[in-house]
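Below, each value reflects all heavy atoms present in this structure, side chains not excepted, and no hydrogens, waters or symmetry copies. Computed from a prediction, not measured in an experiment: that's the story for all the values here.
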Amino acid sequence: MNTGSMRPPSNPKTLSPTVFWRLAEDIPRPLNTLLVATSIGLPLLIWWLVTTFGNVDPKFLPSPAKVLEAFGRLWRTRELLKDTVASLWRVGVGFLLAVVLSIPVGVLMGSFASIRALLEPLFGLMRYMPAPAFIPLLILYLGIGEEPKITLIFIGVFFFNSLMVMDTVKFVSKDLIEAAYTLGGDRWQTLTQVIFPHVLPGIIDACRINLAAAWQLVIVSELIAATEGLGRRISVAGRFLRTDEIFVGLIVIGIIGLTFDLLFQWLLRVSCKWASQKR
């Protein structure tokens, strides 16, 4: 072998360790603020430019000013407030019922193989059934009042949240459980004082994700003979080509959803400080 022809291997090209591209590290607060402002301000700027200089029919894309005008009109007549309160009530009741029941069910399914074998096939089957497909049955069984709307949201959240909680619990390290037994903990203490606190951040994240599904379902649920609600407002506005009111409803739902998302993040920081520090 001709050793003179051998060359040292070249170093692979990697990203330069700039502030923007640091893996799994926080970025400076000024940069974080700038990026957050850009994520909100840039779409608004593009929207304004398109509607101002793009010669777009307002029926298809109203300007930000037209949407603000529609917002003020609906707010002054208190219609928007009534619709928002109605939707918040339906989402709140349906989501809370689903969370209160799905968390213990998911923890049991993740902790005990016997419970998982009993329930996971049924829950897996229900997960693939779209919740809106239950609307005819809900009307038949529960009528056209608030019950079918809340139940629809419950169905759309309960099974997904249970399975997501189950997966969070199922992958708890066995070494952690064995350490709890070694220190004298019994099964109940291990479940409540070791497993549940360990998976609490994952449970909060699962609930935060599934809250978005609840808001998507409220639009569908309010098609069931609703007289109030943001979903009904959007549906009626679309029927009469009031595009500005459609944008108002969508933006209000987005703002409410973002507010709850921030509340879940705050809850995670307060209740699981150790997990927030790891992130």
Side-chain angles (χ1 to χ4, degrees), residues 43-44 47 51 56-100 129-161 207-264:
L44 290 175
W47 179 16
T51 54
V56 179
D57 189 341
K59 288 184 179 180
F60 294 96
L61 183 62
S63 65
K66 290 290 185 182
V67 174
L68 283 174
E69 181 183 341
F71 178 87
R73 183 177 65 251
L74 293 173
W75 185 260
R76 285 191 300 271
T77 59
R78 303 183 67 84
E79 295 179 28
L80 183 59
L81 180 61
K82 292 179 182 178
D83 291 334
T84 303
V85 171
S87 294
L88 277 170
W89 163 257
R90 291 160 186 154
V91 171
V93 175
F95 179 76
L96 284 176
L97 286 174
V99 166
V100 167
M129 296 182 182
F134 288 89
I135 289 178
L137 293 176
L138 294 177
I139 294 176
L140 178 64
Y141 299 151
L142 303 175
I144 57 175
E146 292 297 312
E147 292 83 359
K149 303 175 183 62
I150 293 172
T151 305
L152 180 66
I153 296 171
F154 174 85
I155 292 173
V157 174
F158 173 75
F159 297 103
F160 277 95
N161 208 60
C207 294
R208 181 170 64 91
I209 292 170
N210 285 308
L211 180 59
W215 274 102
Q216 293 173 9
L217 287 169
V218 76
I219 304 298
V220 180
S221 71
E222 289 174 348
L223 299 178
I224 310 174
T227 58
E228 295 175 336
L230 292 171
R232 177 189 172 275
R233 173 66 50 191
I234 292 172
S235 176
V236 172
R239 200 176 306 157
F240 294 98
L241 290 179
R242 295 198 289 260
T243 319
D244 51 355
E245 294 186 7
I246 296 176
F247 272 75
V248 169
L250 292 173
I251 292 172
V252 169
I253 291 174
I255 292 174
I256 293 173
L258 179 60
T259 301
F260 277 103
D261 194 82
L262 294 174
L263 284 174
F264 271 109

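Ile219 approaches Gly231 most closely through the heavy-atom pair CD1-CA, 3.6 Å. Across all their heavy atoms, Gly229 and Arg90 have their closest contact at CA-NH1, 3.9 Å. Taking all atoms of both residues into account, the shortest heavy-atom contact from Pro132 to Leu217 is CD-CD2, 4.2 Å. Of all heavy-atom pairs spanning Thr51 and Pro62, the tightest one is CG2-O, 3.6 Å. Of all non-hydrogen atoms in Phe95 and Cys207, the two that sit nearest each other are CZ-O, 3.4 Å.
For the residue pair Glu222 and Ser87, a side-chain donor N or O sits within less than 3.5 Å of a side-chain acceptor on the partner.
Annotation: side chain of Leu68 is not in contact with side chain of Asp244 (no heavy-atom distance under 4.5 Å). Looking at heavy atoms from C-beta onward, Leu230 lies in side-chain contact with Thr84 at the 4.5 angstrom threshold. Taking 4.5 Å as the limit, every side-chain heavy atom of Pro148 sits out of range of all side-chain heavy atoms of Ile135.
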For this session: List the steps and the verdict of side-chain contact (heavy atoms from CB on, under 4.5 Å) for Val218 and Leu152.
Result: CA-CA 8 Å; Val218 76; Leu152 180 66; over 6 Å; no
Problem set entry | Criterion side-chain contact (heavy atoms from CB on, under 4.5 Å) on Trp215 and Val91, from CA distance to verdict | CA-CA 7 Å; Trp215 274 102; Val91 171; 3.8 Å; yes
For this session: Begin from the C-alpha positions of Ile139 and Ile144 and carry the test side-chain contact (heavy atoms from CB on, under 4.5 Å) through to its verdict.
Result: CA-CA 6 Å; Ile139 294 176; Ile144 57 175; 4.0 Å; yes
For this session: Before giving the answer on side-chain contact (heavy atoms from CB on, under 4.5 Å), spell out for Leu74 and Arg233 the whole-Å C-alpha distance, their side-chain angles and the decisive distance to 0.1 Å.
Result: CA-CA 10 Å; Leu74 293 173; Arg233 173 66 50 191; 4.1 Å; yes
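Here the straight-line distance linking atom CD1 of Ile256 with atom OG1 of Thr259 works out to 7.5 Å at 0.5 Å rounding. Separation of atoms CG (Asn210) and CZ (Arg208) is listed at 11.0 Å; rounding is to 0.5 Å. Note: Ile155 CD1 to Met129 CE = 10.5 Å, rounded to the nearest 0.5 Å. Atom-to-atom distance recorded for Arg76:CZ and Leu81:CG is 14.5 Å, nearest 0.5 angstrom.
Remark: Phe158 pairs with Phe123, Phe154 by the ring pair (Phe, Tyr, Trp, His ring centres under 6.0 Å) rule, at least two apart or across chains. In this structure Glu228 satisfies the side-chain hydrogen bond (donor to acceptor under 3.5 Å, both in side chains) test with no other residue, sequence neighbours excluded.
Enclosure of atom CH2 in Trp89 is not indicated, since only 12 or fewer non-hydrogen atoms of other residues, nucleotides or ligands lie within 6.0 angstrom.
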Which side-chain N or O atoms in residues 245-254 pair as donor and acceptor under 3.5 Å with protein atoms at least two apart or in another chain?
residue, atom, partner, partner atom, Å
Glu245, OE1, Arg242, NE, 3.2
Glu245, OE2, Arg73, NH2, 3.2
Glu245, OE2, Arg242, NE, 3.4

